[in-house]
There are 2 protein chains.
Amino acid sequence: MNKNYLAARQNFIAQWGAMGSAWGINKTMAQIHALLMISPAPLNTDEVMDELDISRGSANTNLRELVNWGLIRPVLQKGERKEYFESEKDVWKMFCCIARERKRRELDPIVAALEGCRQQTESLSDAHSREFTKTVGELLDFVGVVSGALEKIGRSEQSIVLPMMLKLMQ
Amino acid sequence: MNKNYLAARQNFIAQWGAMGSAWGINKTMAQIHALLMISPAPLNTDEVMDELDISRGSANTNLRELVNWGLIRPVLQKGERKEYFESEKDVWKMFCCIARERKRRELDPIVAALEGCRQQTESLSDAHSREFTKTVGELLDFVGVVSGALEKIGRSEQSIVLPMMLKLMQ
DNA sequence: CATATTTTTCAAGTAATTCTGAAAATTTTA
DNA sequence: TAAAATTTTCAGAATTACTTGAAAAATATG
């Protein structure tokens, strides 16, 4: 196998892992995702372990989590007992998956929590409480709009998202 | 001070901190931000330390970082030697700040890195290299569009962003 | 310019997260 | 259904990220 190619692969996997960390995603999970994105064929757990030099436990846990996110899927290989995995290759579909999951996991709970905060003070009439209720209300409106946008993106076909984004950019 | 109000404050600060963690932002930094968002008046380092029960070192570092992000600003109080801080209160301006900084800190480096990866293989003609170059190219296009959108948002007045987002939602 | 006040820095300590590896559980095969 | 193959789990180890607190640096005051 070409040396430049192998070096570029390693580089790409390392960079994608670093990017994952910056965005609150576990480094190993991001690296497995990178590996499967550039892998021409599906890989099984042992192949992932060997390529990335990680333990079986970590490989299994992170592969499972990527399946939960909908970023990779298990595929059965004929005449094989082991489970193989392949990545979603369409970057816009990937983006939709991430939008859907982050909304569900991170935005929905904060909306619920902020609503709880606001309820605690909305019947109070002193100046401080009213100010607080107003600020929390503005944040709720904001998170609601973002949440709605992600909801829409998460339900979209990738084909709808690109034109929207391009429009957003003018 | 009203008990419900104080409880709601504490609750809000805790929730905003938890949300920060989910989005790759240091919990204490998010809590300081929450505190300043709901504080009617600017606060100094000692007040932040007392309210959140954190050390001087942590308060100083995280306040400074919030200033770097543009989410809070130092303000001088007449007849005071200590430095006071107040939060940007407009949530859409806050969103623009975050878009601008995350693009600069996290997207720009990954674009540079991916371009490096692609350069390593774009002159290679074997099937694997060509496939790799294609995948990395698609990711670059994608990150480029997202980066452009954030760039636009980061340069915007908040007033432009809300209608765009609402349109995005239909 | 000496003193008091405030801010910054950073080595060491603490907390949170992630990984490892082997045992247990599950699934497949014959 | 027993044996082999595979996957899952989880306690402890390793790593990473964050905080503390005191000393040093910077700034303001008289």
Side-chain angles (χ1 to χ4, degrees), chain A residues 13-36 42-69 71-86 105-106, chain B residues 13-36 42-69 72-86 102 105-106:
Chain A
I13 289 169
Q15 295 298 342
W16 204 253
M19 190 197 60
S21 303
W23 291 84
I25 289 153
N26 166 322
K27 191 185 83 172
T28 304
M29 184 171 143
Q31 289 186 337
I32 296 176
H33 184 217
L35 174 62
L36 289 173
L43 301 178
N44 64 40
T45 304
D46 291 78
E47 289 167 334
V48 170
M49 288 165 60
D50 291 348
E51 284 274 4
L52 300 179
D53 199 22
I54 58 175
S55 72
R56 183 172 304 284
S58 183
N60 179 76
T61 305
N62 286 298
L63 281 166
R64 208 50 57 196
E65 189 65 359
L66 283 165
V67 171
N68 292 341
W69 276 74
L71 292 170
I72 68 173
R73 43 183 167 263
V75 288
L76 17 99
Q77 298 284 75
K78 54 195 171 190
E80 277 279 4
R81 273 161 78 157
K82 286 182 183 160
E83 194 169 25
Y84 281 71
F85 300 91
E86 71 178 7
R105 295 169 187 232
E106 293 154 16
Chain B
I13 290 169
Q15 295 299 340
W16 204 252
M19 189 197 60
S21 302
W23 292 85
I25 289 152
N26 168 321
K27 190 185 84 174
T28 304
M29 185 172 142
Q31 288 186 339
I32 295 177
H33 184 217
L35 174 63
L36 289 173
L43 302 178
N44 64 38
T45 304
D46 291 78
E47 289 166 334
V48 170
M49 287 165 59
D50 291 347
E51 285 273 3
L52 301 180
D53 198 23
I54 57 176
S55 71
R56 183 172 305 282
S58 183
N60 180 75
T61 305
N62 286 300
L63 281 166
R64 208 49 58 194
E65 189 66 358
L66 282 165
V67 172
N68 291 341
W69 276 75
I72 67 173
R73 42 182 169 265
V75 287
L76 18 98
Q77 300 282 76
K78 55 195 171 191
E80 278 278 4
R81 272 162 79 156
K82 286 185 184 163
E83 194 169 26
Y84 282 71
F85 300 91
E86 72 178 5
R102 295 204 81 153
R105 294 168 187 232
E106 293 153 17

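Chain letters run A, B, ... following the sequence lines, proteins first and then strands; every chain starts at 1.
The structure places NZ of K82(B) at 12.0 Å from CG of L43(B), a figure rounded to the nearest 0.5 Å.
Rounding to whole angstrom units, CG of residue N68(B) and P of dT8(C) are separated by 11 Å. In this structure, the CD atom of E65(B) is 18 Å from the P atom of dT7(C), given to the nearest Å. Atoms CE (M49(A)) and P (dT18(C)) sit 20 Å apart, rounded to a whole Å. Rounded to whole Å, atom C1' of dT7(C) lies 11 Å from atom CG of L63(B). The interatomic distance linking I25(A) (CD1) with dT18(C) (C1') rounds to 15 Å, in whole Å.
At the phosphate of dT8(D), OP1 or OP2 sits under 4.0 Å from a side-chain N or O atom of N60(A).
For DNA chain D, the neighbouring residues in residues 72-83 of chain A, judged by any heavy atom under 4.0 Å, are R81(A), K82(A), E83(A). The stretch residues 50-58 of chain B comes close to DNA chain C through R56(B), G57(B), each having a heavy atom under 4.0 Å from the strand.
Under the salt bridge (Lys or Arg N to Asp or Glu O under 4.0 Å) criterion, R81(B) pairs with no residue at all, not counting sequence neighbours. Looking at residues two or more places apart in sequence or on another chain, you find a salt bridge (Lys or Arg N to Asp or Glu O under 4.0 Å) between R64(A) and E83(A). Listed by chain and number, the residues in a salt bridge (Lys or Arg N to Asp or Glu O under 4.0 Å) with E47(A) amount to none (sequence neighbours excluded). Scanning for side-chain contact (heavy atoms from CB on, under 4.5 Å) contacts around Q15(B) gives I110(A), A113(A), N11(B), with sequence neighbours left out. D50(B) pairs by the salt bridge (Lys or Arg N to Asp or Glu O under 4.0 Å) definition with nothing, not counting sequence neighbours.
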For residues 56-63 of chain B, please give each side-chain donor-acceptor pair under 3.5 Å, one per line with the distance, not counting sequence neighbours.
unit_1: R56(B); atom_1: NH2; unit_2: D46(B); atom_2: OD2; d: 3.0
unit_1: S58(B); atom_1: OG; unit_2: N62(B); atom_2: ND2; d: 3.2
unit_1: T61(B); atom_1: OG1; unit_2: G57(B); atom_2: O; d: 2.8
unit_1: N62(B); atom_1: ND2; unit_2: S58(B); atom_2: O; d: 2.9

Considering only distance and modelled atom types, tabulate donor-acceptor pairs under 3.5 Å from the side chains of residues 73-80 of chain B, sequence neighbours left out.
unit_1: R73(B); atom_1: NE; unit_2: E86(B); atom_2: OE2; d: 3.2
unit_1: R73(B); atom_1: NH1; unit_2: E88(B); atom_2: OE1; d: 3.3
unit_1: E80(B); atom_1: OE2; unit_2: Y84(B); atom_2: OH; d: 3.2

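Nearest-nucleotide assignment on DNA chain C puts the 5′-proximal partner with R64(B), out of R64(B) and K27(A).
Within the nucleic acid shown, N62(A) comes within 4.0 Å of sugar-phosphate atoms alone, with no base atom in reach, counting heavy atoms only.
A heavy-atom distance below 4.5 Å is not found between the side chains of H33(A) and W69(A).
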